[in-house]
Amino acid sequence: MPVWVGITEPDHGSDVASVQTRAEDKGDHWQINGGKLWTTNGVHGRVGILVARTFTTGCDGDLSLFIVDPEETDFEASRVGTMFIKATATSQLAFRDARVPKENLLGPAGKGLKAILTGLNYGRLNVAAGAVGAAQRSLDLSTDYVKTRKQFGNVIGRYQLVQKLIVDMTIRTEAARALTDRAALALDAGLPGRKECSIAKLYASEAAHEVASMALQAHGGLGYSTDYPVERLFRDTRGGLIPEGTSEIQTLIIGREVLGISAFT
């Protein structure tokens with residue numbers, strides 16, 4: 001069952017604490033006003049988790065989480081066209097005096113920020129794992145191609161510069177996999193995993209796009225063809241550098257974890 005998580009807004013992306021979608025306590029329900037952008041599966045999801053600034057007698061604007069069921073809450077969901085990751089149904093959501101049942105508050109009111117930030121570690125691990133898969137696919141396609149494509153009387157895999165491409169792709173893919181495994185082990189052990197997940201997400205997403213770019217180079221003109229998977233891998237891996245925190249945000253998180261000094265404040 002597709003599930004969406006509404007965090008990012010048109011004016012608030014990396015700064016999760018500044019989201020402006022409002023949830024007001026109306027006695028028997030919550031009234032939601034605001035909008036979300038870049039929401040994965042927003043148009044298809046059977047249920048969603050919404051981050052909103054909450055206003056009650058005991059909570060003056062802190063973030064909370066709400067379960068949103070399209071069958072009981074009216075809101076608009078529209079598809080957003082993207083150059084990459086087209087299969088995820090990237091969506092924009094709009095809430096105008098939308099009614100959410102009182103019991104759909106997920107956890108205590110005003111305690112949503114910590115839960116979302118904790119959940120982002122799992123999201124970053126997910127992006128890293130997907131990047132490893134994309135890198136491996138790029139490597140596999142390229143390895144097969146250079147062993148069969150002939151130029152100047154030989155398969156191109158015999159040429160030193162082509163072999164250098166394959167070796168560089170292999171090293172980046174294996175390193176990304178090792179860092180992703182390390183992050184998964186940290187979470188499995190019950191550790192926060194902030195540094196490990198950010199390192200995995202940063203390295204794996206950037207490595208995957210580098211590997212996809214090398215794959216395109218190895219395939220030559222065929223790499224540009226929309227009839228062949230390399231050009232899609234190139235586009236999709238570029239997309240991995242942004243979700244769950246950009247490369248720049250991951251760098252600042254890692255710096256904070258290593259130095260104990262936050263660049264966010």
Side-chain angles (χ1 to χ4, degrees), residues 1-127 130 201 235-236 239-246 249:
M1 178 177 68
V3 177
W4 55 261
V5 179
I7 304 175
T8 303
E9 299 179 352
D11 295 325
H12 301 283
S14 299
D15 187 5
V16 176
S18 295
V19 301
Q20 294 300 307
T21 298
R22 296 171 60 95
E24 296 189 47
D25 186 352
K26 294 297 183 180
D28 63 340
H29 70 278
W30 299 95
Q31 181 174 283
I32 310 292
N33 281 284
K36 299 295 179 179
L37 187 59
W38 313 122
T39 303
T40 300
N41 287 324
V43 295
H44 298 314
R46 295 288 301 276
V47 68
I49 298 175
L50 179 73
V51 181
R53 197 165 296 284
T54 312
F55 295 89
T56 70
T57 54
C59 183
D60 187 21
D62 293 324
L63 298 182
S64 300
L65 306 180
F66 299 87
I67 298 173
V68 177
D69 184 343
E71 293 187 1
E72 59 188 11
T73 299
D74 290 329
F75 63 94
E76 296 178 11
S78 57
R79 185 85 179 252
V80 178
T82 59
M83 65 171 281
F84 50 72
I85 318 180
K86 296 178 181 292
T88 62
T90 303
S91 308
Q92 183 168 8
L93 310 178
F95 298 85
R96 300 182 180 88
D97 293 335
R99 295 169 62 97
V100 171
K102 201 63 177 293
E103 62 270 21
N104 284 24
L105 175 67
L106 184 59
K111 303 299 182 181
L113 180 59
K114 181 178 180 180
I116 283 297
L117 293 179
T118 300
L120 284 175
N121 288 327
Y122 291 88
R124 287 163 185 154
L125 176 61
N126 181 59
V127 172
K201 196 274 180 182
R235 288 186 290 104
D236 281 356
L241 275 65
I242 297 174
E244 310 300 336
T246 63
I249 291 296

Exercise. Please lay out, stage by stage, how Lys102 and Asp28 fare under the test side-chain contact (heavy atoms from CB on, under 4.5 Å).
Key: CA-CA 6 Å; Lys102 201 63 177 293; Asp28 63 340; 6.0 Å; no

Quiz item: Where is the tightest heavy-atom contact between Ile249 and Ser14, given as atom of each residue plus distance?
Solution: CG1-OG, 3.5 Å

Exercise. Could you tell me whether a side-chain N or O of Lys36 sits under 3.5 Å from a main-chain N or O of Gly42, the two making a donor and an acceptor?
Key: no

Quiz item: Is it true that a side-chain atom of Lys201 and a backbone atom of Gly123 form a donor plus acceptor pair closer than 3.5 Å?
Solution: no

Practice problem: First locate atom OG1 of Thr90, then atom CH2 of Trp38, and finally report the distance between them rounded to the nearest 0.5 Å. | Solution: 7.5 Å

Quiz item: Given Ile32 and Thr21, is the side-chain contact (heavy atoms from CB on, under 4.5 Å) satisfied, shown in steps?
Solution: CA-CA 7 Å; Ile32 310 292; Thr21 298; 3.8 Å; yes

Quiz item: Taking side chain as C-beta onward, heavy atoms only, is Asp25 less than 4.5 Å from Trp30?
Solution: yes

Exercise. Look only at the side chain of Asn33 and the backbone of Asp97, and say whether a donor-acceptor pair between them is shorter than 3.5 Å.
Key: yes

Quiz item: Has Glu71 got more than 12 heavy atoms of other residues, nucleotides or ligands less than 6.0 Å from its CD?
Solution: no

Quiz item: Under 4.5 Å between any side-chain heavy atoms of Thr88 and Trp4, yes or no?
Solution: no

Quiz item: In this structure, are over 12 heavy atoms from other groups packed under 6.0 Å from Asp60 atom CG?
Solution: no

Quiz item: Just by modelled atom types, is the Gly61 backbone N or O under 3.5 Å from a matching donor or acceptor in the Arg53 side chain?
Solution: yes

Quiz item: Just by distance, do the side chain of Asn41 and the backbone of Ala89 share a donor-acceptor pair under 3.5 Å?
Solution: no

Self-check item: Minimum heavy-atom distance between Ala52 and Phe66, given as atom pair plus value
Solution: CB-CE1, 3.9 Å

Self-check item: Ser18 backbone acceptor or donor facing Gln20 side chain under 3.5 Å
Solution: yes

Quiz item: Do Asn104 and Glu72 touch side chain to side chain, with heavy atoms closer than 4.5 Å?
Solution: yes

Quiz item: Is there a donor-acceptor pair under 3.5 Å between the side chain of Lys86 and the backbone N or O of Gly81?
Solution: no

Exercise. Can you see which heavy atom on Leu105 is nearest to which on Pro108, and at what distance?
Key: CD2-C, 4.4 Å

Quiz item: Side chains of Leu63 and Thr54: does their closest heavy-atom pair fall under 4.5 Å?
Solution: no

Exercise. Give, for atom NE2 of His29 and atom CD of Glu103, the distance between the pair rounded to the nearest 0.5 Å.
Key: 12.0 Å

Practice problem: Mind checking the CD-OG1 spacing from Glu244 to Thr246? Nearest 0.5 Å is all I need. | Solution: 11.5 Å

Quiz item: Has Phe55 got more than 12 heavy atoms of other residues, nucleotides or ligands less than 6.0 Å from its CZ?
Solution: yes

Quiz item: When rounded to the nearest 0.5 angstrom, what distance separates CG in Leu65 from CD1 in Ile116?
Solution: 5.0 Å

Quiz prompt | Heavy-atom donor-acceptor pair, Thr73 side chain to Arg99 backbone, under 3.5 Å | solution = yes

Quiz item: So, Ser64 side chain and Gly110 main chain: donor-acceptor pair closer than 3.5 Å or not?
Solution: yes

Quiz item: Is there a side-chain contact (heavy atoms from CB on, under 4.5 Å) between Val68 and Ile49 once you walk through the steps?
Solution: CA-CA 6 Å; Val68 177; Ile49 298 175; over 6 Å; no

Self-check item: Worked check of side-chain contact (heavy atoms from CB on, under 4.5 Å) between Leu50 and Phe95
Solution: CA-CA 11 Å; Leu50 179 73; Phe95 298 85; 3.9 Å; yes

Exercise. Please round to the nearest 0.5 Å and tell me the distance separating atom CG of Asn121 and atom CG of Asn126.
Key: 12.5 Å

Quiz item: Considering only heavy atoms from C-beta outward, does the side chain of Leu37 approach that of Glu9 to under 4.5 Å?
Solution: no

Quiz item: Should Ile67 and Val47 count as side-chain neighbours, where that means a heavy-atom distance under 4.5 Å?
Solution: yes

Practice problem: Of all the heavy-atom pairs spanning Ala109 and Cys59, show the shortest one and how long it is. | Solution: C-SG, 4.2 Å

Quiz item: Out of curiosity, Phe75 CZ to Arg96 CZ, how far, rounded to the nearest 0.5 Å?
Solution: 12.5 Å

